[in-house]
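All remarks here apply to the structure that follows.
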Amino acid sequence: MQIMKRQLSFLCMAFLVSLAAMSQVKKTNLKVLYVGGHSDIETFGVGAYDTIANDRSVAERTAAWQAYLDQYFTTVKTVKGADYDYKMSYDYDVTIIDGDARPVEPRRNIIVNGSYAKIIPGRYFPDDFDRPVITIAETSETVGRRIGVKNDWYCLCLDAHAYDMKKDHPIFKGPYKVKLTMTDRPTPEGAKEYAPLIGETLPEKISMWRVQKRGYITDRGFKVGMVVRPWGYEDSPEAEWISGGESAKSRDAMAIGRHANWLHWGFAASPADMTDEAKPVFANAVVYISKFAGQHIIARKLNQNIATRTRVTEMKHRVSREVYDSYAEMTERYNAQMKHLADSIKKKEAAGEQLTDLDKQYLMIAEHPQPNPTYEQFIQQQAGSLFEKFGTDVAGYEKYYTENMPYFRGTLNGYDLMLDEDAKSLGIANNDKRILDRAITMWEKGEDVEKARRLLCRYTLLRYDNAKDYRSWFKKYEKQLFFTESGGWLWLVNTQDPSVPGNDYSVLKYNEADAEEMAVAREETSAENPVQLAAVVETSGDEKTLVVKMKIHPGYHIYAVVSEKDPYIETTYDISLNGGGKLAGELEKPAGRMLNSTGTVVYEGEQVLRQKFTGVDKGSITFTVNYQACDNHSCLQPMSKTIVCSF
């Protein structure tokens with residue numbers, strides 16, 4: 001007890017010394033609004049947690065932010081997320097969002113014939129919102145998705161360190177003095193796994209800067225930070241990548257960055273757990289983003305999964321022998337690791353110890369080791385439809401992707417790239433503004449007018465019905481035009497003037513539930529909707545069995561078992577009988593395969609689950625799967641999918 005008292009006394013003294021040092025800071029004349037509601041406990045996707053402890057942590061976190069901001073700024077106001085309305089931000093210089101705000105329009109799941117046809121994100125801000133905002137961790141995705149903020153959910157897996165910071169950026173320069181103590185740390189495994197796909201080799205260690213005293217890896221249950229997709233982030237003039245961070249994704253995953261008046265601070269810690277070196281950097285970030293009052297987004301990233309040309313570079317390497325050999329070696333290593341683990345579990349069982357559900361899952365995986373595909377099978381899986389043309393001809397793939405690189409384009413409805421034959425026929429890259437000039441000229445001369453119209457409609461947000469108006473627009477704004485891939489593969493005008501034609505995304509009607517599109521259910525999986533369910537009830541005597549086929553989109557996986565070292569969200573199931581009866585035994589799950597060396601196990605492809613039940617002749621059974629789907633690039637937000645099966 002005396003030791004504990006001395007420790008508490010030491011912590012209190014350290015806190016007072018810290019406050020005393022901060023009290024000497026000259027305040028900046030800014031009005032800051034803090035929107036709270038999150039705690040220091042990770043609750044996103046967590047099925048059960050201590051709600052009392054979480055409420056207490058929310059109050060402590062809010063108080064920590066209030067005390068910290070009061071040290072740096074003249075006016076600070078805190079408000080609960082449930083009480084926040086975007087109009088409040090017009091009375092403040094900067095708004096910091098660290099909680100679940102109340103949406104102006106709630107999220108809508110468009111369901112047709114029991115299948116998700118479209119998800120329309122909730123709206124928290126109008127498209128023309130122009131007040132400076134800092135979003136903490138995953139709030140960037142939540143409040144920004146509807147209006148196309150590029151600060152999207154790449155992965156909720158950011159830990160405590162930053163690296164590759166642009167040290168000459170204003171947030172590291174002032175007005176508050178910054179010191180960056182760099183330490184060499186092991187390169188994150190996720191970064192090393194992704195690097196070969198784009199032909200890169202990473203060092204074993206990276207120089208890093210500690211932002212938080214605690215992180216989810218060392219402190220289980222601590223709030224997890226979020227990194228943003230880097231591809232195409234800086235392809236519009238109002239966006240800047242500022243810093244990377246230690247995560248489970250690629251090295252260039254963005255931890256800190258700005259898109260127009262929105263600054264993403266991906267690190268999750270409150271000031272109570274920020275390092276002394278990080279506190280002035282965040283204060284500088286508040287000052288910095290305040291300078292963007294009156295600005296708004298130009299290039300809107302409406303689909304977080306939209307492919308950029310980086311995908312072409314990746315595809316060139318995915319079919320290489322080196323990538324296959326690496327995959328095969330990794331599979332063998334994981335199988336050996338699982339066998340070793342299974343041997344330990346069997347000894348535990350032989351000693352009479354109770355096996356956990358996790359133990360049973362690992363034993364099942366060990367009994368069904370992951371087979372290595374042949375090189376041909378691997379290439380076929382990676383190349384898709386191109387396999388019919390090139391087979392295992394790696395040089396053929398290389399030539400195809402290299403020659404067609406200028407003519408690929410992405411879409412708002414998926415992660416795939418397609419070859420634009422119209423652009424290729426002209427021999428002009430779609431990111432070369434000459435393609436607009438050529439299309440307009442073709443229309444003016446009456447040469448292949450339909451192709452010209454397709455190109456202008458495809459690569460601009462204009463919908464003129466004549467070449468004259470396109471020509472007038474092009475001549476007037478040619479020097480201000482820029483091409484954005486992440487913003488929809490479009491030519492836009494670099495301007496903050498909303499009256500200038502060419503930047504109005506509403507013509508795409510992307511966030512509308514189009515009647516024709518909704519008329520047919522999407523029964524096939526897609527990058528937007530990677531998991532589909534089908535179910536039947538089989539009868540054998542008095543016993544019935546619900547058989548659920550779970551189909552997962554190629555390249556995606558969901559999590560059967562998540563290691564304590566990983567931040568992913570484990571798949572759970574809810575089953576209920578309607579009309580009486582009872583479930584018999586546990587849900588029979590498939591084995592899955594090892595994802596990485598930490599012990600995380602995933603499901604891919606088609607999987608079958610079975611649940612027996614008795615005591616009812618007629619009725620229905622409801623099956624819900626709660627999952628997080630990821631591919632090699634990024635993770636989607638957690639979802640639930642339900643199927644009802646009558647018998």
Side-chain angles (χ1 to χ4, degrees), residues 11-25 27-28 30 32 34-42 57-73 76 78 94 96-99 134-140 156 158-163 165 167 169-183 185 208-219 221-227 242-247 254-257 263-289:
L11 289 172
C12 289
M13 289 178 62
F15 183 67
L16 290 173
V17 169
S18 178
L19 283 181
M22 290 177 65
S23 65
Q24 301 173 10
V25 172
K27 292 187 178 183
T28 298
L30 287 177
V32 179
Y34 171 78
V35 181
H38 283 175
S39 71
D40 295 329
I41 301 169
E42 186 53 65
S57 181
V58 169
E60 292 171 351
R61 184 178 175 96
T62 301
W65 276 106
Q66 175 81 55
Y68 163 77
L69 294 169
D70 277 337
Q71 298 295 322
Y72 286 97
F73 306 105
V76 177
T78 62
V94 176
I96 300 171
I97 300 182
D98 185 36
I134 297 179
T135 44
I136 308 296
E138 80 274 8
T139 62
S140 297
L156 194 67
L158 176 62
D159 199 38
H161 289 78
Y163 56 66
M165 303 91 69
K167 295 180 182 178
H169 191 276
I171 72 169
F172 299 114
K173 292 298 184 180
Y176 300 106
K177 187 176 180 180
V178 172
K179 177 184 178 183
L180 301 177
T181 300
M182 307 302 294
T183 305
R185 289 175 54 81
M208 300 189 188
W209 171 58
R210 192 172 186 92
V211 179
Q212 303 177 180
K213 300 172 187 175
R214 294 195 289 164
Y216 77 87
I217 293 179
T218 54
D219 298 84
F222 189 73
K223 186 169 176 60
V224 185
M226 188 189 87
V227 287
I242 298 173
S243 175
E246 188 177 23
S247 76
M254 195 189 80
I256 305 173
L263 191 142
H264 170 70
W265 184 273
F267 295 97
S270 80
D273 286 301
M274 285 184 189
T275 63
D276 289 339
E277 292 187 353
K279 291 173 183 176
V281 175
F282 188 91
N284 288 341
V286 174
V287 176
Y288 179 67
I289 196 63

Side-chain contact, heavy-atom cut-off 4.5 Å: [X] with [Y]?
X      : Y      : result
Ser247 : Asp159 : no
Met208 : Thr183 : no
Val35  : Thr139 : no
Arg185 : Tyr163 : no
Lys27  : Phe73  : no
Tyr72  : Val32  : no
Glu42  : Leu156 : yes
Val286 : Trp265 : no

Would you check if the side chain of [X] reaches a backbone N or O of [Y] as a donor-acceptor pair within less than 3.5 Å?
X      : Y      : result
Thr62  : Gly36  : no
Glu277 : Thr181 : yes
Arg61  : Ala64  : no
Asp40  : Ala269 : no
Thr275 : Arg210 : yes

Could you give the distance from [atom1] ([X]) to [atom2] ([Y]), rounded to the nearest 0.5 Å?
X      : Y      : atom1 : atom2 : value
Lys167 : Ser243 : NZ    : OG    : 10.0 Å
Asn284 : Ile289 : CG    : CD1   : 13.0 Å
Ile242 : Tyr288 : CD1   : OH    : 6.0 Å
Leu69  : Leu30  : CG    : CG    : 11.0 Å
Ile136 : Met226 : CD1   : CE    : 11.0 Å

Shortest non-hydrogen contact between [X] and [Y], atoms and distance:
X      : Y      : result
Tyr68  : Ala283 : OH-N, 3.1 Å
Gly215 : Ala160 : CA-CB, 4.4 Å
Gln212 : Phe267 : OE1-CB, 3.3 Å

Residues pairing under salt bridge (Lys or Arg N to Asp or Glu O under 4.0 Å) where one sits in residues 173-182, two or more places apart or in two chains, turn out to be none
*So Trp65 and Tyr34, would you call those rings parallel, tilted or perpendicular, with 30° and 60° as cut-offs?*
parallel
Practice prompt. Apply side-chain contact (heavy atoms from CB on, under 4.5 Å) to Ile171 and Ile256, showing your working.
Written response: CA-CA 10 Å; Ile171 72 169; Ile256 305 173; 4.2 Å; yes
Contacts of Arg214 meeting salt bridge (charged side-chain N to carboxylate O under 4.0 Å, His left out) (sequence neighbours excluded), chain-then-number -> Asp273
Checklist line | Check against side-chain contact (heavy atoms from CB on, under 4.5 Å), Met165 and Phe172 | finding: CA-CA 9 Å; Met165 303 91 69; Phe172 299 114; 3.8 Å; yes
- Before giving the answer on side-chain contact (heavy atoms from CB on, under 4.5 Å), spell out for Gln71 and Val25 the whole-Å C-alpha distance, their side-chain angles and the decisive distance to 0.1 Å. CA-CA 7 Å; Gln71 298 295 322; Val25 172; 5.6 Å; no
Using distance alone, with no hydrogens and no angle criterion, decide if Tyr176 and Thr28 have a side-chain donor and acceptor under 3.5 Å apart. yes
>> I'd like to know if Lys223 pairs up with Glu138 as an ion pair, taking the criterion as any Lys NZ or Arg NE/NH1/NH2 lying under 4.0 Å from an Asp or Glu carboxylate oxygen.
In response: yes
